[in-house]
Participant: 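Take a look at this one; I'll ask things after.
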2 protein chains.
Amino acid sequence: MASTETVDRVTSTDRIFEELYARIVGLDLLPGTKISETDVAKSFGYSRQPVREAFTRLANLNLLLIRPQRATIVRPFSRDLIANARFVRAAIELEVVRNAAQSRDVAVDADLKSSLRAQQDAIAAEDTKAFHDLDYDFHRLLCLSARRPFAFDLIATNKAQVDRLCVLSLTSTEAMETLYADHKALVQALQEEDAGVAELVLRQHLNRLDPIIDAIYTTHRTYFDE
Amino acid sequence: MASTETVDRVTSTDRIFEELYARIVGLDLLPGTKISETDVAKSFGYSRQPVREAFTRLANLNLLLIRPQRATIVRPFSRDLIANARFVRAAIELEVVRNAAQSRDVAVDADLKSSLRAQQDAIAAEDTKAFHDLDYDFHRLLCLSARRPFAFDLIATNKAQVDRLCVLSLTSTEAMETLYADHKALVQALQEEDAGVAELVLRQHLNRLDPIIDAIYTTHRTYFDE
DNA sequence: TCTTGTTGACTAGTATGCAAGTTTTCGTGT
DNA sequence: ACACGAAAACTTGCATACTAGTCAACAAGA
């Protein structure tokens with residue numbers, strides 16, 4: 001989770017963390033699921049120790065809930081935590097686009113444009129998975145454009161909280177087109193160095209999650225902790 | 001570091017973490033200092049295990065640098081990391097005051113006012129330590145006022161990176177008065193629900209660190225990793 | 001004197017066993 | 001049948017031993 005700048009060396013802990021992270025965010029492991037250090041250790045063929053360290057990392061990301069002497073569970077959704085994650089992501093990304101609008105790294109412009117084209121292709125192919133990946137990359141490029149690459153780590157962390165929820169909601173073609181339009185408008189605002197418009201577009205973009213999250217809350221309340 | 005909402009139970013890891021955290025941020029442990037799991041374990045009377053877990057927590061906060069099979073050191077200052085921490089803190093806190101200006105929890109107003117008065121007292125007494133604590137509390141109150149208490153966790157985390165640096169710079173009475181004036185102007189802007197002014201005041205407030213950090217960089221370059 | 005190779009004292013990563021506390025199960029008494 | 005209590009089967013927290021890799025000191029050679 002971007003704590004060390006160099007790759008150094010991949011440890012058992014890293015492998016276990018990556019695997020569990022993907023399974024939790026991909027809802028392969030549902031919220032509330034009990035998950036035992038011993039069991040995971042057996043299934044991976046490692047001892048409890050690296051599993052334990054992977055668990056603490058995941059708990060730091062609010063993906064696991066570890067309680068002394070009690071079973072560790074995949075953290076249920078929490079409207080508070082989701083609101084917090086969205087707040088943080090919005091705060092960071094808004095400052096990113098404000099910075100980008102004022103002093104942009106034009107070397108990234110080509111990548112942004114090419115990302116937009118690829119997004120169009122994904123929409124034409126109705127490939128929601130590809131579009132999701134491109135969306136991830138687009139927001140990463142925004143941070144690069146503002147010369148704040150590190151900022152994307154925080155955005156990604158908080159995005160994961162919400163993404164885990166949104167797996168429950170199928171993305172329609174119209175939704176993708178809306179998001180694409182936002183992206184396009186955002187790039188244009190940045191090129192025109194109009195921080196005000198960029199901020200407005202981004203706020204609207206991020207707020208599009210509101211109805212989706214509300215809908216999931218009503219249909220999947222069992223996965224929430226409230 | 002606000003990963004679990006309930007207090008649950010204080011573990012050995014918690015105690016070691018708290019102690020080391022205070023010593024690192026207070027510069028009792030200087031940047032670059034080698035710090036061994038075994039030695040710390042001995043001095044605390046625990047085994048390596050809880051020390052190890054405390055270390056990983058501190059590494060997550062960018063206060064320690066852990067490298068496989070190499071000595072763990074107190075993380076040297078890094079202008080990049082400091083810039084990052086300041087960026088994140090600014091982004092969060094700006095969004096906090098914008099929210100506060102639009103819909104404020106008036107129940108916190110009394111606390112803000114009383115904090116301002118206490119700050120005046122600390123200045124009169126030339127008590128920099130007390131003022132620093134009050135400053136910490138003031139910014140916490142701002143988050144409460146915006147109904148975003150959790151946001152302060154992130155602010156505090158990133159503030160710590162910078163605070164660790166600023167211990168090297170003695171706070172003068174004039175500096176305190178400037179900061180106090182900022183605080184006062186900020187509260188007034190919030191009461192007038194003027195988000196624009198509040199944002200400007202806060203940006204200026206946070207930017208007052210610029211010359212201080214530059215000065216420390218020139219005078220204490222040995223503590224930096226560049 | 002300077003360079004280089006070897007050796008030994010470090011380091012963190014991992015495995016495993018025990019302790020302390022929680023949850024579940026199941027049998028007993030009403 | 002139901003309530004209750006004891007015990008067994010879990011859980012994580014912590015201690016300790018071992019492994020593999022890094023670094024520093026020092027001796028031998030140029």
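Because only heavy atoms are used, hydrogens play no part in the values below, and waters and symmetry mates are left out as well, while side chains stay in. Every chain is numbered from 1 and lettered A, B, ... according to where its sequence line falls, protein lines coming before strand lines.
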Participant: Quick one: which residue pairs count as a salt bridge (Lys or Arg N to Asp or Glu O under 4.0 Å) with a foot in residues 129-142 of chain B, not counting sequence neighbours?
Facilitator: B/Lys129-B/Asp133, B/Asp135-B/Lys159, B/Asp137-B/Arg140

Participant: Taking distance alone, no hydrogens or angles, what donor-acceptor pairs closer than 3.5 Å link side-chain atoms of residues 164-171 of chain A to residues at least two apart or in another chain?
Facilitator:
residue: A/Arg164; atom: NH1; partner: A/Arg75; partner atom: O; Å: 2.9
residue: A/Arg164; atom: NH2; partner: A/Arg75; partner atom: O; Å: 2.9

Participant: Quick one: list whatever passes side-chain contact (heavy atoms from CB on, under 4.5 Å) with B/Asp80, sequence neighbours left out.
Facilitator: B/Ser78

Participant: With a 4.0 angstrom cut-off to heavy atoms of chain B, pull out the first and last contacting nucleotide of DNA chain C, in 5'-to-3' order.
Facilitator: C/dT11 to C/dT14

Participant: List in chain and number order the residues that pass side-chain contact (heavy atoms from CB on, under 4.5 Å) with B/Ala130, two or more places apart in sequence or in another chain; answer none if no residue qualifies.
Facilitator: B/Ala122, B/Asp127

Participant: At under 4.0 Å between heavy atoms, which parts of nucleotides 6-14 of chain D does protein reach? Answer with one letter per nucleotide, 5' to 3': B base, S sugar-phosphate only, - none.
Facilitator: -----BBBB

Participant: Going by ring pair (Phe, Tyr, Trp, His ring centres under 6.0 Å), name the pairs with one or both residues in residues 62-85 of chain B, residues two or more places apart or in two chains.
Facilitator: B/Phe77-B/Phe224

Participant: For B/Asn84, check side-chain contact (heavy atoms from CB on, under 4.5 Å) against everything at least two apart and list the hits.
Facilitator: A/Phe150, B/Leu81

Participant: Mind jotting down which residue pairs meet the ring pair (Phe, Tyr, Trp, His ring centres under 6.0 Å) criterion with at least one end in residues 38-70 of chain A? Sequence neighbours excluded, please.
Facilitator: none

